[in-house]
Undergrad: 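Here it is, the structure, as structure tokens.
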Amino acid sequence: MTGAGGADRSPGDIAPVLVARVMLESLLPQLDRLFDYRIPDHLVGLAVPGVRVKVPLRSAGRVSRGYVIEVTSDAGYSGSLSEVDEVISPVPVLTTEVWALARRVADRAAGNASDVVRLAVPPRQVRVEKAWQLRQAVVAPPDSESTDSENTIAPETLTPPQITGYGPGAVEAALERRARFALAAVPTVTQTSAGDWVGQWATTMAAMAVFTLGLGRSSILVVPDYRDQDQLEAALQGLVSVGLLAVESIARVDARQSNSERYAHFLSCLEERPKIIVGNRSAIYAPAHSLGLIALWDEADPLHNEPLSPYVASRDVALVRQQQSGAALAFVSHSRSTFVERLVELDFVEEIAQNPRFLPHVVPTSSQASTDRFAQYARIPTSAWNTARKALETGPVLVQVARPGYAPVLACSSCAKPAHCQVCEGPLQAASRNARPSCGWCGAIAAQWSCQYCEGTSFRLVGNGSSRTAEDLGKAFPKTRVIVSDGTRSLTDVPAAPALVVATRGAEPVAAGGYHAVLLLDGERMLARESLTVAEECLRWWSNAIALAAPRAPAIIVGVGGELARTLVTWQQGRFAASELADRRTLRFPPAIRLATVRGTPESVASAVKELHDSVQGEDSAKIDVLGPVPDEGDFVRSIVRFDYSVGATVATTLRAAVIKNAANRRKPAGRPANYRTPPTLRVRFDDTEILD
DNA sequence: AGCACGCCGACT
DNA sequence: GTCGGCGTGCTC
């Protein structure tokens, strides 16, 4: 330990003691604050804000990794300081802006800032970093600024691409004044200058980003999955191909990237030059230089939810980052989520509607099966069958189904009760017509199955997965090519040639030129799911599928009537979202309120809930209520706290304090194996909407 | 998490 | 007397 070094300096010394305030890369809530370390002389100038460092913790010999957050000359800490051990890399990878974002996102969710930083900063790759540093030194000689900019005239400053489908200049104006807006995507497909077919939303977002680049600012474009990412990148490539965008201006954050690719793209974001950053939910944390736009495609897609602690969805991060950076914020989608609707009703987010209005041709149809013997094969109503047959003469037809596989459910052929696995009681299903039935949970083949109710030994197929629907459609349309796209084998695009494209919801490929008809077959089944948010979700899936149709091509929705059908026909998802939100308000369900799930020992949960009630007294006490506790895993219990947005900060700080308090007193492992890890006695998770399903 | 400090039981 | 049990608390 070298702590005595600081004490040797007399107060009158010339050299001021430089102190690095360091965030430790620790999972422990107790350590989620800044620690002060003296910067030794040989690291002065190297230990700057943003760099990764190694520092001693508690005693010499034990080192922890961390990031320098701040360098000051006056230590806030009165005890004797240890010294920074080592600067791991000179590159300041944690920018001031991203640190501030991580801190606030963590605070909002009662989580560790270091957990958020781990999402924001990819693991270091030494070779990649060395190569980048070398390139930086060569590319940017500090003296030749004028000639440099002449050589690399940003093409995007020459001719901004049109943002069509809205009032002239409407989107551009919103971007210029850095507005927060919900943008209704034009529900059709379009061809890029490079010849690729993409959803028009992709070209809209690409044009928005290029326009922002023309303002000298970066954009972050966040999409839920890689198929959306491919469309958006194709749209950007289209602008590259006509010289409206330089390919070096695009940076990627992609789940498919290798560690070195990811780090290379991350480093490129750190460069001074504004960029268009395209990626999945992690992209929301990219260290964009001079951020001018944050745009989310289809914000309600569950893939925007971060599965890692502290589980903050990209839209929540986007809202925090928008406030910190002052960038424009765009929620682009076909349907309107209740979440965005709430922000619109608060006038926190403005609406930009289509202008002129492009209306898909949606036809609701009753689910009554046809009397036509061909249509009966596929259980398709006559009108839908006729539509499909006619459309198939000229181009591809999309058939959206609810579930993948063949027959999702098997039943006993004598008593009709659902068949269960004899190993684990899971549901049995069939992979194809002749496949041996297997368990959907444990995968065991049901070899010598007998019904637990009536001793029957044969099955009946119940329900239709994508491949069974495909098989049936193949019989109904004998000469037609049938393409299946589902969770296991999903396609990004299909050609313009006639074909039946059977896809599970969310896995629909883009067709060149758009589908000549869209059939939404499993509406009833999709709606039958027992969930509070099922209507909102169905509307999103259906809207997205309908938006893949060619202009004026019919989209037939089978077996769905009432308000949902009316919403699709009039394409007024906003109105539906408003009535959904009103229902959630009366029920006190998200997004009308927020949630915090508190799990732990009965005592720790009870005391956390008590502190919560103590922290919001008086008139605010009505803004919070607690459901439970109910039994959870082990001998733990779970309570759900519902609270108004206005007391969110209080709830988060109170629960955070309870987590830290409980982190200290660990329970003794009574009679547990030696390697047993004691779980924390209190865990908190914010805005887990699945908990109410 | 680790690791030190601290205050009670059976041992050379 | 003291070696060591692990409950409690801190980490710049």
Side-chain angles (χ1 to χ4, degrees), chain A residues 1-9 11 13 15-44 46-88 94 99 102-103 106 110-118 308-310 599-601 603-604 607-608 611 635-636 656-684:
Chain A
M1 181 112 154
T2 48
D8 283 348
R9 291 168 185 275
D13 252 345
V17 177
L18 278 180
V19 170
R21 315 207 69 210
V22 174
M23 180 215 84
L24 301 176
E25 274 188 331
S26 165
L27 308 159
L28 300 172
Q30 315 89 296
L31 302 187
D32 183 27
R33 58 202 160 89
L34 300 185
F35 287 78
D36 294 352
Y37 291 90
R38 201 175 71 81
I39 301 176
D41 292 347
H42 70 282
L43 293 181
V44 170
L46 268 173
V48 296
V51 299
R52 292 182 208 258
V53 286
K54 282 186 180 170
V55 290
L57 187 63
R58 191 73 176 101
S59 61
R62 272 187 69 208
V63 284
S64 175
R65 289 155 153 275
Y67 294 86
V68 175
I69 298 305
E70 193 187 341
V71 173
T72 83
S73 51
D74 71 303
Y77 183 68
S78 51
S80 77
L81 295 177
S82 291
E83 284 186 349
V84 175
D85 224 49
E86 184 188 335
V87 172
I88 296 170
L94 180 59
W99 163 248
R103 181 71 272 173
N112 283 338
S114 72
D115 281 339
V116 183
V117 167
R118 205 149 33 126
L308 296 174
S309 169
R599 294 170 210 269
T601 57
E603 312 82 60
S604 61
S607 103
E611 277 154 34
D635 38 1
F636 281 5
R656 180 64 175 170
V659 166
I660 292 173
K661 200 179 82 185
N662 279 276
N665 54 46
R666 283 154 290 178
R667 296 194 306 164
K668 61 169 135 185
R672 297 295 177 89
N675 60 352
Y676 177 77
R677 289 180 64 237
T678 49
T681 56
L682 189 71
R683 280 178 297 159
V684 170

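Numbers restart at 1 for each chain; the letters A, B, ... are given by sequence-line order, proteins then strands.
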Undergrad: Nearest whole Å is fine: how far is C/dC12 C1' from A/Asp32 CG?
TA: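 So the CG-C1' distance, A/Asp32 to C/dC12, works out to 15 Å.
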Undergrad: With distance as the sole test, does A/Tyr67 use its side chain to make a donor-acceptor pair with the main-chain N or O of A/Ser114 at under 3.5 Å?
TA: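 No; zero donor-acceptor contacts below 3.5 Å.
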Undergrad: Roughly how many Å is it from CD in A/Gln30 to C1' in C/dG9, rounded to a whole number?
TA: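 The distance from CD of A/Gln30 to C1' of C/dG9 comes to 10 Å, rounded to the nearest Å.
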Undergrad: What integer distance in Å separates A/Glu25:CD from C/dT11:C1'?
TA: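 The answer, rounded to whole Å, is 17 Å.
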Undergrad: Whether the side chain of A/Ser26 engages the backbone of A/Leu31 through a donor-acceptor N/O pair (distance < 3.5 Å, no angle test) should be reported.
TA: no
Undergrad: Could you go step by step and tell me if A/Leu18 and A/Val71 meet the side chain to side chain contact (heavy atoms under 4.5 Å, CB included) rule?
TA: CA-CA 7 Å; A/Leu18 278 180; A/Val71 173; 4.1 Å; yes
Undergrad: Could you tell me the separation between the NZ atom of A/Lys661 and the P atom of C/dT8, rounded to a whole number of Å?
TA: 14 Å
Undergrad: Write down the distance between CZ (A/Arg65) and C1' (C/dC12), rounded to a whole number of angstrom.
TA: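 Taking atom C1' of C/dC12 as the reference, CZ of A/Arg65 is at 19 Å.
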Undergrad: Within this structure, what is the CZ-to-C1' distance between A/Arg58 and B/dA4, rounded to whole angstrom?
TA: 6 Å
Undergrad: Take the protein atom CG of A/Leu31 and the nucleotide atom P of B/dG2, then report the distance between them rounded to whole Å.
TA: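 After rounding, the gap between these two atoms is 11 Å.
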Undergrad: What is the distance, to the nearest angstrom, from the CZ atom on A/Arg62 to the C1' atom on C/dC12?
TA: 13 Å
Undergrad: Does A/Ala113 offer a backbone N or O that forms a donor-acceptor pair with the side chain of A/Asp32 under 3.5 Å?
TA: yes
